[in-house]
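Below: one structure, written as structure tokens.
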There are 2 protein chains.
Amino acid sequence: MQMITEQEEISRRLNIKGYRLTKQRLAVLKALQSTKSHPDANWIYEKVRKEIPHISPGTIYRTLGVLKEAGLLRELDYGSSLSHYDANTENHPHIVCTNCGRIDDLPLSLPLAHHAPGQAHKLEEQASKATDFLITDHRLEFYGLCPHCRSSSAD
Amino acid sequence: MQMITEQEEISRRLNIKGYRLTKQRLAVLKALQSTKSHPDANWIYEKVRKEIPHISPGTIYRTLGVLKEAGLLRELDYGSSLSHYDANTENHPHIVCTNCGRIDDLPLSLPLAHHAPGQAHKLEEQASKATDFLITDHRLEFYGLCPHCRSSSAD
DNA sequence: TATAATATTAGTAACGATTATCATTATGGT
DNA sequence: ACCATAATGATAATCGTTACTAATATTATA
């Protein structure tokens with residue numbers, strides 16, 4: 001029975017993608033694992049800086065990208081960072097094309113009735129029971145390839 | 001029986017917040033209403049520019065903010081525009097504090113079982129039936145005030 | 001309808017998060 | 001230890017968005 005350390009496992013995951021394990025990458029991952037707060041890049045930068053004072057913000061961003069590709073973390077702001085606008089002010093789910101940025105409404109079928117416009121309040125009420133936050137809004141988005149990008153990415 | 005035009009209704013909604021109806025604001029709203037594509041600010045800028053050539057990007061952004069406050073449109077990128085990172089790579093819902101930016105996991109109770117980690121695939125499968133997109137991921141987020149901001153905003 | 005008070009605009013500069021560049025340094029395989 | 005290659009740090013560039021300001025438009029009031 002063969003034991004591998006956590007660090008070896010991280011190294012393995014990086015190697016699969018052709019990346020190397022460096023002390024900067026390990027420090028960034030540890031910093032992220034040390035909190036449940038889902039921090040942003042700057043928080044991680046400040047945290048890691050205590051250990052590696054000369055690390056640069058660029059390295060943080062590069063590292064977060066690498067760790068993401070290796071499946072070691074998840075980024076909570078997908079796709080383009082621009083805001084998009086909708087003249088329909090009722091809360092309803094969207095589907096976002098990760099290739100071309102197109103955003104459609106999700107036509108609602110039965111299994112998603114929870115998320116139908118008008119039911120928004122009900123869903124938030126349910127979520128309220130699970131947290132001490134005062135919930136005022138929510139957002140459900142699906143990501144994938146739109147019909148166009150789906151066929152043209154078949155190359 | 002008293003009829004009011006759509007434009008009067010828009011004006012009324014703006015006035016409630018102390019805003020005036022200008023041709024720029026009307027043009028931005030019309031541009032947004034003319035499409036189902038949930039465009040970004042630049043798309044709207046290019047569209048409105050055909051009608052009001054000297055309009056500036058700043059006006060677009062200011063106007064979108066005003067229309068949002070008046071409840072005439074919805075912005076699809078809430079809170080800070082920075083990315084946040086999570087060492088838990090399994091898809092799970094979050095609650096975001098709109099005041100301080102804190103992000104917590106949503107502790108799952110029964111009514112939200114659809115969204116429990118491990119069930120992600122099932123939810124995406126259901127959504128797939130309602131669209132021609134090839135769905136690969138999704139995201140459910142709740143917004144509100146965290147316990148701390150909730151009590152300190154009681155002033 | 002003039003006038004005054006205030007809101008809005010266009011144009012431009014500033015900002016801030018993120019990316020790109022590139023010379024130097026670190027890493028892993030031989 | 002040596003070599004090929006990947007990664008880093010420092011800095012400059014990018015780009016969406018905001019802030020600033022003088023000029024203009026709108027609304028309320030006389």
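Labels below follow one simple rule: chain letters A, B, ... track the order of the sequence lines, proteins then strands, and each chain is numbered from 1.
The side chain of Thr59(B) contributes an N or O atom lying less than 4.0 Å from OP1 or OP2 of dA10(C). Close to dT9(C), at under 4.0 Å from its OP1 or OP2, lies no side-chain N or O of His54(B).
Residues passing the side chain to side chain donor-acceptor pair (under 3.5 Å) test with Glu69(B) are Tyr19(B), sequence neighbours excluded. Listed by chain and number, the residues in a side chain to side chain donor-acceptor pair (under 3.5 Å) with Ser128(A) amount to none (sequence neighbours excluded). Evaluation of the side chain to side chain donor-acceptor pair (under 3.5 Å) rule for Asp86(A) yields His92(A), His94(A), His38(B) as partners, not counting sequence neighbours. Applying the side-chain contact (heavy atoms from CB on, under 4.5 Å) rule to Thr35(A) yields the partners Ser37(A), Pro39(A), Trp43(A); only residues at least two apart in sequence or on another chain are considered. For Arg20(B), there are no side chain to side chain donor-acceptor pair (under 3.5 Å) partners at least two apart in sequence or on another chain. Applying the side-chain contact (heavy atoms from CB on, under 4.5 Å) rule to Ser11(B) yields the partners Asn15(B), Leu21(B); only residues at least two apart in sequence or on another chain are considered. When the side-chain contact (heavy atoms from CB on, under 4.5 Å) test is applied to Asp132(A), the partners found at least two apart in sequence or on another chain are Pro147(B). Residues passing the side-chain contact (heavy atoms from CB on, under 4.5 Å) test with Ile16(B) are Arg12(B), sequence neighbours excluded.
Counting to the nearest Å, the P atom of dT8(D) and the OH atom of Tyr45(A) are 14 Å from each other. Between Ile44(A) atom CD1 and dT18(C) atom P there is a gap of 10 Å when expressed in whole angstrom units. The interatomic distance linking Asp40(B) (CG) with dG16(D) (C1') rounds to 10 Å, in whole Å.
Taken over five-pair windows at either terminus, the axes of the helix from dT1(C)-dA30(D) to dT30(C)-dA1(D) are inclined to one another by 40° (rounded to 10 degrees).
Under 4.0 Å is where a charged nitrogen must lie from a carboxylate oxygen, and between Lys30(B) and Glu6(B) at least one such pair does. Ion pairing between Lys129(A) and Glu125(A) fails under the 4.0 Å rule for side-chain N and carboxylate O.
Less than 4.0 Å separates DNA chain D from at least one heavy atom of each of the following residues of residues 60-73 of chain A: Arg62(A). Contacts between residues 13-31 of chain B and DNA chain D, counted as heavy-atom distances below 4.0 Å, involve Arg20(B).
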Show every donor-acceptor pair shorter than 3.5 Å between a side-chain atom in residues 44-55 of chain A and any protein atom, with sequence neighbours excluded, or say none if there are none.
from	atom 1	to	atom 2	distance (Å)
Glu46(A)	OE1	Arg49(A)	NH2	3.4

